[in-house]
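Scroll down for the structure; my scribbles are underneath it.
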Amino acid sequence: MTKFILVLALQIFLLTAVVSIQDGGDFARTMNRKQLNLHEKEKLTHLLFYWHDSVQGRNPTAVRIKQPVSNSTMFGSMTMMDDPLTTDVYRNSTVVGQAQGFYAGAAQGEISYLVVMNFAFKTGEYNGSTIAILGRDPVLSSKVREMPIIGGSGIFRLARGYVEARTKLSNPKVGVAIVEYNCYVLHY
Ligand SMILES: *[C@@H]1O[C@H](CO)[C@@H](O)[C@H](O)[C@H]1NC(C)=O
Ligand SMILES: *[C@@H]1O[C@H](CO)[C@@H](O)[C@H](O)[C@H]1NC(C)=O
Ligand SMILES: *[C@@H]1O[C@H](CO)[C@@H](O)[C@H](O)[C@H]1NC(C)=O
């Protein structure tokens with residue numbers, strides 16, 4: 001009899017424990033990866049395109065929304081961009097998407113930007129998919145700048161990886177820059 005009561009008490013205790021875990025906990029659940037097709041191995045995709053930034057002239061693609069506190073390092077500046085991404089270094093080559101975001105002068109000893117941008121693709125199977133970049137871009141001191149890919153959407157959902165940026169042309173006088181981007185993306 002005592003044993004029975006003990007078992008009953010234990011059962012009631014466990015039941016209350018389960019109920020209290022579920023209390024306020026039913027907004028989240030563990031899922032099976034298969035339901036979202038996330039059980040397959042990740043793919044590694046390489047993308048190569050050219051980023052065209054133009055802050056002056058008749059059709060600027062980027063706008064300085066905050067002037068720097070130092071013209072030599074660009075520290076404190078902020079530039080918002082909607083820059084075309086093309087298949088070749090020439091501006092007249094095929095546009096595959098836009099780089100939308102900003103770069104901000106983030107270093108006091110050199111020109112180095114905090115880059116926050118989405119590559120928004122608009123061709124073929126990539127139309128509507130995006131890759132999110134957040135990184136450090138010391139434009140003058142490094143020939144190759146590596147920046148992390150911190151996520152994506154559409155085809156690039158749950159993406160991770162990195163990009164390599166190489167300046168192909170930079171003319172601060174006329175406010176034009178062309179940068180080659182090699183992207184290495186892991187995604188499902
Ligand atoms: C930076 O250069 C611009 C244009 O020459 C000038 O108007 C501005 O006052 C300069 N800013 C500083 C902080 O020196
Ligand atoms: C694109 O621009 C390059 C360099 O300015 C030029 O040599 C080429 O002829 C242009 N191509 C077309 C199709 O306009
Ligand atoms: C990309 O998708 C948009 C929105 O669905 C559509 O309007 C556009 O025609 C598509 N572009 C291409 C090249 O498929």
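As the structure lists them, so they are numbered: ligands from 1, and atoms in each ligand from 1.
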- [ ] Please list, chain by chain and in numerical order, all residues satisfying ring-ring contact (aromatic ring centres under 6.0 Å, His included) with H46, sequence neighbours excluded.
- [x] Y184
Open item on the list: Below 3.5 Å, N or O to N or O, backbone or side chain included: is there any such pair between N127 and ligand 3?
Closed with: yes
Task: Any side-chain donor near an acceptor of the partner, S70 and T73, under 3.5 Å - done: yes
Open item on the list: Test of understanding: with side chain to side chain donor-acceptor pair (under 3.5 Å), list the residues that count as partners of S77, not counting sequence neighbours.
Closed with: none
Task: ring pair (Phe, Tyr, Trp, His ring centres under 6.0 Å) between F49 and F119, worked out - done: CA-CA 11 Å; F49 44 75; F119 290 148; 5.0 Å; yes
TODO: Using side chain to side chain donor-acceptor pair (under 3.5 Å) as the criterion, list what pairs up with Y103, not counting sequence neighbours.
DONE: D53
Open item on the list: What I want to know is whether Y90 and ligand 2 share at least one N or O pair that is separated by under 3.5 angstrom.
Closed with: no
Open item on the list: Under 3.5 Å, is there a donor on one side chain and an acceptor on the other for E146 and Y162?
Closed with: no
Open item on the list: Are T61 and D82 packed together at the side-chain level, in the sense that at least one heavy-atom pair is separated by less than 4.5 angstrom?
Closed with: no
Task: Residues in the immediate environment of ligand 1 (any heavy atom closer than 4.0 angstrom) - done: V69, N71
